[in-house]
Amino acid sequence: MKLKKIIQIPISVFLLLGWCMGIDFLPLDGQTVNYTQIFFRWPQIVGSNSYEITLDNDLESRTYVSQDNSIILDDFAWGEEYFWEACGRDEFNNIIDCNAEHNFIINSLPLNYPGDVNVITYNDALYNTGITILDYESLNFSLALDVQGEPIWFTDRTNFPGNRITVTEISSNGNFIGYGTFGYEFNLDSDIIFQTNHTVHHSIIKSESNTYFSISGNQESYPCPEPEICGEENMIWKGDIFKEVNSQGEVLWEWDTFDYLSLDEYNSQWINSPILGEFDWTHSNSVFFDNNIVYVSMRNLSRITAIDYTTKEIIWNLGNSDFMDEAIFIEDFGFSHQHSAQVAGDGNILFFDNGRGNNPELSRCLEIEINDSEIPELVWEYTLPDSMMTLSRGECDRLANGNTLISAGRTGNVIEVSQDGEIVWHLRVKRNNGLDVSIYRSERVPNLYPYAFSFEVTNLEGSYPVYSIQDNTVDFNILNKGWSSQVFKFKLFNDIDTLVDSGEALILPGNEENFILSTLDDTIQSYSLHVFTDNRLDLQQIINFEKNRILGDLNEDYIINILDILIMVNIILGSADDPGNGDINNDHLIDILDIVGLVNMILEI
């Protein structure tokens with residue numbers, strides 16, 4: 001049996017391990033990945049005006065240019081091994097030095113990957129730019145597609161209990177939130193970072209305070225509500241518990257349908273369904289948290305409920321009044337068996353109406369405005385074509401440009417529509433046997449990297465991994481290469497691991513921030529600069545450097561003499577390594593000219 005890669009509950013341990021070391025090269029040397037869009041990061045090459053990145057495989061060699069020591073590339077093929085090297089270039093685009101070559105392997109696509117994935121419609125002028133994260137629910141894995149429908153990432157479903165995973169969202173830290181048997185947070189490589197202690201169905205989200213809201217089932221025994229259907233005996237009522245847990249799995253908040261709903265509020269359609277003697281009472285399918293309100297969708301009651309987080313009291317119910325003891329709103333908008341209720345950017349409620357049992361049965365996206373002092377108002381509606389009507393699954397997501405991304409459940413269709421209802425992008429997915437692939441949720445994001453960064457020190461000298469700084473300041477820039485704003489932090493430690501300086505800054509996507517630290521001490525020989533964020537300590541970057549390393553003092557005895565010349569000769573012959581201060585003429589080479597320079601330094605002394 002294959003072991004699951006789970007880091008259960010101890011996120012603190014995970015982060016502590018990340019704190020102990022920095023990652024110099026991304027991707028890791030020899031790493032195997034399930035994605036073709038890759039963030040590269042490498043150690044700074046001193047004196048570089050830009051960088052040249054060369055990638056080789058068995059078929060070709062390609063070169064890219066970056067102005068800093070990181071780049072996101074997506075020009076790769078599945079099932080290939082690549083070798084890459086980053087070289088620094090001067091202002092004349094001449095190569096001055098290169099880091100060591102590294103390699104990575106891209107896995108092949110899953111054996112059950114559908115063979116009929118097509119983008120039927122694409123309007124470049126109206127399409128909301130980015131990639132689409134979605135699930136092939138009926139195939140038990142999630143993935144990301146580019147605008148042409150080509151896969152650029154997929155989850156390793158074998159890493160999860162039950163061999164299935166449905167992504168519900170991508171977090172600002174670059175991890176994914178999803179569920180299978182339990183609820184999870186996991187990284188791009190499908191390594192589980194967090195797993196709930198309770199089973200999760202249909203929905204899990206991560207809040208801005210880094211807690212997790214999810215749905216868990218609950219069963220209790222009560223009399224059959226309609227004896228003519230199910231007799232006089234007790235039967236199993238299947239309800240739900242909405243839970244919030246912290247990163248340790250501890251329950252912070254919960255709301256049980258058996259505690260807050262009357263047993264008189266039910267839909268008899270689901271008595272003895274799906275199993276004789278059971279009542280699928282609520283069948284909730286989404287939970288959403290916003291502005292101290294928990295929004296839940298209870299499918300089998302055709303109801304969306306807003307719950308006050310503090311008091312746990314119901315603020316309002318929206319939906320079919322036939323299944324309510326007391327209707328709060330007169331208008332129910334005729335929706336039935338809805339999915340994926342959420343708050344759009346303007347504060348309106350946006351959800352997918354399956355239309356199950358309606359006459360006619362039509363699937364729609366509905367956007368409803370609800371104010372405390374006013375009755376609900378339908379502000380936007382889109383009815384899907386008859387061919388995309390789905391009695392289960394589905395989601396409507398509002399995009400940055402005002403369009404709406406719609407997953408049409410069991411029909412295997414995902415469409416993007418404009419505000420006036422024009423289809424500007426249409427994805428259709430079928431299995432090799434022609435059956436539709438069920439798609440529950442989808443999300444549009446710029447790329448796979450909301451979290452990506454690098455930093456460079458302006459006054460650094462030497463070469464990786466031995467750097468030095470001659471003056472008493474550290475001048476460095478942190479670059480946010482991801483699409484999510486992040487609070488970046490730095491800590492400067494001396495050679496006995498004492499914290500010397502620290503700071504932080506909120507850096508917007510694509511921006512950089514400069515820091516100048518004037519805290520170096522001539523009596524301290526070495527320092528370590530850590531740059532990180534609290535939500536991904538495992539990806540922190542570290543530069544170690546020495547203070548006042550003497551140029552040419554290759555044996556570090558604070559004297560420049562014939563012994564240093566002998567070491568220089570051995571460096572040129574390849575029998576010794578450059579400690580980082582042997583490039584006397586600063587031409588990024590160690591050769592006879594450096595011996596001449598070293599001799600002149602000795603004569604001057």
Side-chain angles (χ1 to χ4, degrees), residues 18-24 41-51 67-70 88 90-91 96-97 452-481 485-537 539-554 556-558 560 578-584 586 588 601:
W19 179 249
C20 297
M21 63 188 73
I23 297 180
D24 294 332
R41 187 174 74 187
W42 55 90
Q44 176 180 349
I45 296 176
V46 174
S48 298
N49 187 62
S50 62
Y51 292 90
Q67 298 306 307
D68 50 73
N69 60 330
S70 60
D90 61 21
E91 62 271 25
I96 57 176
D97 197 6
F453 80 95
S454 62
F455 79 95
E456 294 184 298
V457 180
T458 303
N459 58 331
L460 201 64
E461 298 182 10
S463 59
Y464 175 80
V466 182
Y467 296 111
S468 64
I469 290 180
Q470 296 302 314
D471 53 35
N472 291 320
T473 65
V474 184
D475 185 345
F476 64 99
N477 297 303
I478 302 176
L479 300 93
N480 184 357
K481 303 299 286 287
S485 298
Q486 304 284 348
V487 176
F488 289 95
K489 298 184 178 183
F490 67 84
K491 289 188 176 183
L492 180 67
F493 296 91
N494 62 20
D495 51 10
I496 57 172
D497 292 329
T498 299
L499 181 63
V500 176
D501 206 341
S502 63
E504 64 181 59
L506 174 67
I507 305 180
L508 301 179
N511 288 9
E512 64 180 274
E513 189 79 16
N514 176 254
F515 301 88
I516 299 178
L517 312 182
S518 301
T519 50
L520 301 188
D521 188 334
D522 287 336
T523 64
I524 303 296
Q525 185 174 3
S526 60
Y527 289 88
S528 178
L529 178 61
H530 300 234
V531 176
F532 60 95
T533 64
D534 287 337
N535 57 7
R536 287 302 299 269
L537 288 179
L539 293 180
Q540 73 168 320
Q541 188 178 6
I542 297 174
I543 282 184
N544 299 304
F545 61 90
E546 295 193 11
K547 175 73 172 67
N548 293 330
R549 176 186 286 265
I550 300 175
L551 185 66
D553 183 16
L554 304 183
E556 297 185 352
D557 63 356
Y558 299 99
I560 299 177
D578 176 23
N581 58 341
D583 186 11
I584 307 302
N586 196 32
H588 302 284
M601 292 173 64

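Positions are given from 1, in the same order as the sequence printed here. Basis for what follows: all heavy atoms, side chains included, without hydrogens, waters or symmetry-related copies.
- Here the shortest heavy-atom pairing between S485 and L506 reads CB-CD1, 4.0 Å.
- The aromatic rings of Y527 and F545 lie parallel to each other, with less than 30° between the two planes, well short of the 60° mark.
- Smallest separation of non-hydrogen atoms from S463 and D97: CB-OD2, 4.1 Å.
- Residues D68 and K481 meet the side-chain proximity criterion, which asks for heavy atoms closer than 4.5 Å.
- For the ring pair (Phe, Tyr, Trp, His ring centres under 6.0 Å) test with F490, the passing option among F453, F532, F476 is F476; the others fail.
- Among residues two or more places apart in sequence or in another chain, the side-chain contact (heavy atoms from CB on, under 4.5 Å) test is passed with E513 by A505, I507, F515.
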(request) Evaluate the criterion side chain to side chain contact (heavy atoms under 4.5 Å, CB included) for residue pair Y51 and Q44; output intermediate values, then yes/no. (result) CA-CA 10 Å; Y51 292 90; Q44 176 180 349; 3.8 Å; yes

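- By the 4.5 Å heavy-atom criterion applied to side chains, V457 and V474 are counted as neighbours.
- Side chain to side chain, N49 and D90 fail the donor-acceptor criterion of an N or O pair below 3.5 Å.
- The side chain to side chain donor-acceptor pair (under 3.5 Å) check on S454 picks up N69, S70, with sequence neighbours excluded.
- Judged by distance alone, the side chains of D475 and T473 never bring a donor and an acceptor atom under 3.5 Å apart.
- When each of D495, N472, N494, D471 is tested with K547 by the rule side chain to side chain donor-acceptor pair (under 3.5 Å), just one qualifies, namely N472.
- Taking 4.5 Å as the limit, some side-chain heavy atom of L520 sits within range of a side-chain heavy atom of L492.
- Inter-residue side-chain proximity for I542 and S528 is flagged as met; some heavy-atom pair is nearer than 4.5 Å.
- With contacts defined as side-chain heavy-atom distances shorter than 4.5 Å, the pair P465/N544 does not qualify.
- Judged by the 6.0 Å and 45° rule, R41 forms no cation-pi pair with F455.
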